[in-house]
Amino acid sequence: MSKKYKEFKNPNYAEIGEEILSFWKANGIFEASVNQREGQPTFTFYEGPPSANGTPGIHHVMARTVKDIFCRYKTLKGFQVKRKGGWDTHGLPVELQVEKELGITKEDIGKKITVEEYNQKCREAVMKFKQQWDDLTEQMGYWVDLKDPYITFENSYVETLWFLLKELFDKGLLYKGYTVQPYSPAAGTGLSSHELNQPGTYKMLKDTSIIAQFKVKHSERSAFLFEETSEPVYILAWTTTPWTLPSNCALAVGEKIRYVKVKSFNPYTFEPISVVLAKDLVGKYFSEKAAELPLSDYKAGDKLIPWKITQEFSGKDLLEIRYEQLMPYVTNADLENNAFRVIPGDFVTTEDGTGIVHTASVFGADDFRVAKEAGVPAVMVLDENGKETPLVDKQGRFVKEVSDFALRFVKEEYYSDAERNDPEFKPTDVLIAIKLKQENKAFKVEKYEHSYPHCWRTDKPVLYYPLDSWFIKTTAMKDRLVELNKSINWKPESTGTGRFGNWLENLVDWNLSRSRFWGTPLPIWVSEDGEQKCIGSLMQLKAEIEKSVKAGIMKGNEVDMNHLDLHRPYVDRIILVSDSGKPMNREPDLVDVWFDSGAMPYAQWGLDQEKLARGEKNPFNADFNGAFPADFIAEGVDQTRGWFFTLHALSVMLHDKVAFKNVIANGLVLDKNGNKMSKRLGNAIDPFKTIREFGPDATRWYMIENANPWDNLKFNLDGVQEVQRRFFGTLLNTYSFFALYANLDGFEMQENKTIAVKDRPELDRWILSKLQILIKEVDESFANYDATRAARAIQDFVTDQLSNWYVRLSRKRFWRGNMNADKQAAYETLFECLSVTAQLMSPIAPFFGEWLYKNLHDAQSGQSGASLSVHLTHMVSARSEWIDESLNESMDMAQRISSLIHSLRKKHMIKVRQPLSRVLIPVLNEKTVASIKAVEDIILAEVNVKAIEYIDDTSGVLVKKIKPNFKKLGAQYGPRLKEIGAAISQFGQEDIKRMEKDQGYALTIGTDTFALTLEDVEIMSEDIPGWLVANDGPLTVALDITITDALREEGVARDLVNRIQNLRKDMGLEVQDKIKVSVARGESLIEAALQSNREYICRETQALQLNLVDSLNDGNTIEMDDLQVVLKIEL
RNA sequence: GGGCUUGUAGCUCAGGUGGUUAGAGCGCUACACUGAUAAUGUAGAGGUCCGUGGUUCGAGUCCACGCAGGCCCA
């Protein structure tokens, strides 16, 4: 005896989730899904480590669903898919959180709290929400190994990072340079962008602004500016930081901006000049009133200075023009050769200034970038150690080489209030302005008020200043990075070619330095005169410490050699000895946290000390082999320049390989209105609540089905609900239907004793054919990392084909009579469909898929060969021999014809229960007839009609329609198509007939004749005169709505059946209960209907007796349209 | 300002290589069905396919320029 299929009255999806979860746990299904594939080909997945110092949000469910789907799919396909989890633990967010908790600022570190204590706090804080993350992982069904995760702060992880850094160092890919960063001379420290974004740092400041005149040198390039010009030509550039003018090294112009040369006079020296500036800005500096004044009338000191535009050109024409250094305090051969020229600047606008930007590469971030791109050297001097330094020192004063202003602070705010209040005091900017005016180098000087960043510590203005930084020379490997990226399969493709590809093309070196406390320390020690040592392992560090102790530099008790923590402050206490015997201190910076995560393919395994000692090339623990590179990774698109880049960069630089072969960059999860979710705005969706309410499957399914993962998702709980109702509800109903009747009939699926598919009815063969097509499509979609297409295909199959067509039309087969071949075929077919659906959906909806699979297979006795879990199965492959294209076409036709007939019934207000005698279907070829005949029974049953009659051409009653085949005609006749199309549309029935008879038509338009063939047009039947017809493309259907007495009686009988069934249901009878029906005499039509359809009524209602009686006292009165009847049902 | 991306019905989305009546689901309205019933069927209303130009016999689809939203960067 078979076991029962579980039946459910009100299933709760969240409970299904919990039930399956405990099943997985109890049986170790996840572990088994990995272990059972031991020895099979591996599929490598890298988990991008989340940071557990914040709570997980709904977007994490999205990202992790994507990851989970493909790991589960590949497992189904027979691969072994290990998924090592990980935690990202270093970085600024952790520091900020700790500072907030302790109520301290960075300033306090080392004062109120030691670095040691601070870092200890960070270590604790970073795992603060680990439990929530673990809960989410479990509840959403994300399978990842959290028992043995990699943790980026662990010594073995950091040690591996050091090893990799040393590799880069040894390859010459790690170097010290500088970047231009916000710097506070008053505080003597650089400021992070985070610090700069603190409220209140930007304040209005009144600065002296100068438009300086840069004198153009004569050359071939500049010759055009001197045609018909004898006076000197100057380029005008504006600055609000005059103190940077001695450091000017280039002028930047917009290549597309229009510029003009204006002939006029200097307002301070009154000398005749010609100046170059953006055309749009001429009005700003030259008075409209003076435009008409003749230049020759000008006298020194005139208020109105005449001017005249003498030339116009684009920025491109100005490029490479050289000019005389404006304030030549410092120069050298390199500068003379490569600086003081016009370069392109993408940031140049004509909003203010002159449309030409003064560039001092060491004092501006944009300046630094464009100067570097154009190969312009910086204006620097050598300090006492022979090191290059800028013209402003770290205190914010000019160096002695800037003789006129030596040791003057560049910003007046750096002077004390007392000094500034001295009536004789003049800010440096003003002194510079005076000097330039005198030298005929200033065109305009004025006060300018603008927003300027201030140091939050000292409240003094910041400078943009070159600060030491360590870099990875990614530019050296740019070509390989670009080249190897082309072999990565990006989803979506555009992120790979566009966002990522373009970024690689415009790569700059990777700035590795971070001035922080909690992170991976830079393992580089430097002596005062620049000797460097990079440490690549704990082993090496210990050896170096011993050396240092021996040399008497370290005492040996500074650090605990047995438990050497590689974080600050411990590593800072280590002072090594250089080859020449000098003490070396560690470079104080930490490395960018992105290095941590980008190195996870190696660092997650840690170093194998023996391999390391032997000097092996990849001395990582053994698991590294076979787990590099990754087959698949997935993260948010915001990781493009983050994790995706660091993974790629390190892999290419260290191994000349890609780090991952396939990648999905998913989009953002927004709220339902398309706004970013944020806790502050209160529009964030709680993932736990969502899962509790709708279950994990509906949540996952919705996210995948609704839009491609790489598009932004407008997350709407109504949508989740819809998915739950429409898809899961329908699937559940279908299963419930199956379980109900299978249990009644004691059906058991016996895989080896099934009815051959070829012997099953059309409907079964059709749905199985559809199922095979579904398998193919789903498999292909998953293989192409397109889960959305897979989900939509499964959903369409379940709701449209399986439920709304197959089950609906098959219902009678299940509920009538005893077990027979047809019934068994129906059960077997539906079982197969449900079972396969369970498997196909399981990567996306792992709980429900499991639940469905188990419900189906748990009822099988013993030897079924079914797995304990759907996640341990191998994915079915499509059986092409079950695919029947012509049957698919037939059924498609059946669905369309049925729909047309329903529509006609509706128009004539004839309900489906009323049988009709026939439909007419015009057919123009035999193939269509055969196609419809194959599914004739299905159509007739569905629409309650007795017969289909096929009207072919020979009847002569068909009215036809002709349509030009635009595609074919367009290709052939091009411009004449319009006329030809119009002419064809004018064809009458005679023309169509003639064309069919002659297999063509000679169409004459004007004097031209076109030989049309039958392929140039589409001919279809449109109407049968005298009938009411409905059309759907080439299909036409006419319905005979004559209702004979017999049909009327049958209709009444059906109504009666329906009412009796309702009564049965109201009485709470079971499906299989037999009844006795008594009907009171009354309407003659009902009596007649009863007599002529007695057998039918009994069969349908499970009635053993059906009696007409004279009167019923305790019967039920029933209305059927305009008829009334009294009847009674007894057991 | 730059790179990428999105824009089709009230909402969420489909619409290979251009082909003349632009589709689906939800929602809305009406009707039907009632042993899958917190289902289901049929019909209806609802579109300047973001705009403007261009290529073409023909553009939702291709090109250019804009507009609006999003992400990343500066």
*Of the candidate nucleotides G25(B), A36(B), U42(B), which contains the atom at the shortest distance from the side chain of S899(A)?*
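That would be U42(B).
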[atom1] atom, [N] versus [M]: distance in rounded Å?
{"N": "A38(B)", "M": "G23(B)", "atom1": "P", "value": "34 Å"}
{"N": "G10(B)", "M": "A45(B)", "atom1": "P", "value": "14 Å"}
{"N": "A64(B)", "M": "U17(B)", "atom1": "C1'", "value": "22 Å"}
{"N": "G3(B)", "M": "C28(B)", "atom1": "C1'", "value": "43 Å"}
{"N": "G51(B)", "M": "A59(B)", "atom1": "C1'", "value": "15 Å"}
{"N": "C49(B)", "M": "G18(B)", "atom1": "C1'", "value": "15 Å"}

_R1054(A) versus N944(A), side-chain donor and acceptor atoms under 3.5 Å_ =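 Looking only at side-chain atoms, R1054(A) and N944(A) do form a donor-acceptor pair, the distance falling under 3.5 Å.
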*Complement of A39(B), any strand, by Watson-Crick or G-U distances under 3.5 angstrom*: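 A39(B) is paired with nothing.
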_Partner nucleotide, any strand, of C4(B) [Watson-Crick/G-U, under 3.5 Å]_ =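 By the stated definition (distances under 3.5 Å), G70(B) pairs with C4(B).
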Atom pair distance, as rounded to whole Å: [atom1] in [X] and [atom2] in [N]:
{"X": "Y702(A)", "N": "U12(B)", "atom1": "OH", "atom2": "C1'", "answer": "7 Å"}
{"X": "N506(A)", "N": "C73(B)", "atom1": "CG", "atom2": "C1'", "answer": "11 Å"}
{"X": "R369(A)", "N": "G2(B)", "atom1": "CZ", "atom2": "C1'", "answer": "9 Å"}
{"X": "F644(A)", "N": "C73(B)", "atom1": "CZ", "atom2": "C1'", "answer": "17 Å"}
{"X": "L507(A)", "N": "G3(B)", "atom1": "CG", "atom2": "P", "answer": "18 Å"}
{"X": "D711(A)", "N": "C13(B)", "atom1": "CG", "atom2": "C1'", "answer": "10 Å"}

*Using a strict 4.0 Å threshold on nitrogen-to-oxygen distance, state whether R792(A) and D796(A) make a salt bridge.*
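No.
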*Would you please classify the geometry between the W701(A) ring and the F727(A) ring as parallel, tilted or perpendicular, with 30° and 60° separating the classes?*
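F727(A) vs W701(A) ring planes: parallel.
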Any [X] side-chain N or O less than 4.0 Å from OP1/OP2 of [N]:
{"X": "R641(A)", "N": "C72(B)", "answer": "no"}
{"X": "R725(A)", "N": "G27(B)", "answer": "yes"}
{"X": "N804(A)", "N": "U40(B)", "answer": "no"}
{"X": "S494(A)", "N": "U5(B)", "answer": "yes"}
{"X": "N708(A)", "N": "A14(B)", "answer": "yes"}

*Name all residues meeting the ring pair (Phe, Tyr, Trp, His ring centres under 6.0 Å) criterion together with Y452(A); count only those two or more places apart in sequence or in a different chain, and write none if there are none.*
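Result, ring pair (Phe, Tyr, Trp, His ring centres under 6.0 Å) vs Y452(A): H450(A).
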*Mind checking the OH-CG spacing from Y806(A) to L830(A)? Nearest 0.5 Å is all I need.*
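Going from the OH atom of Y806(A) to the CG atom of L830(A) covers 6.0 Å.
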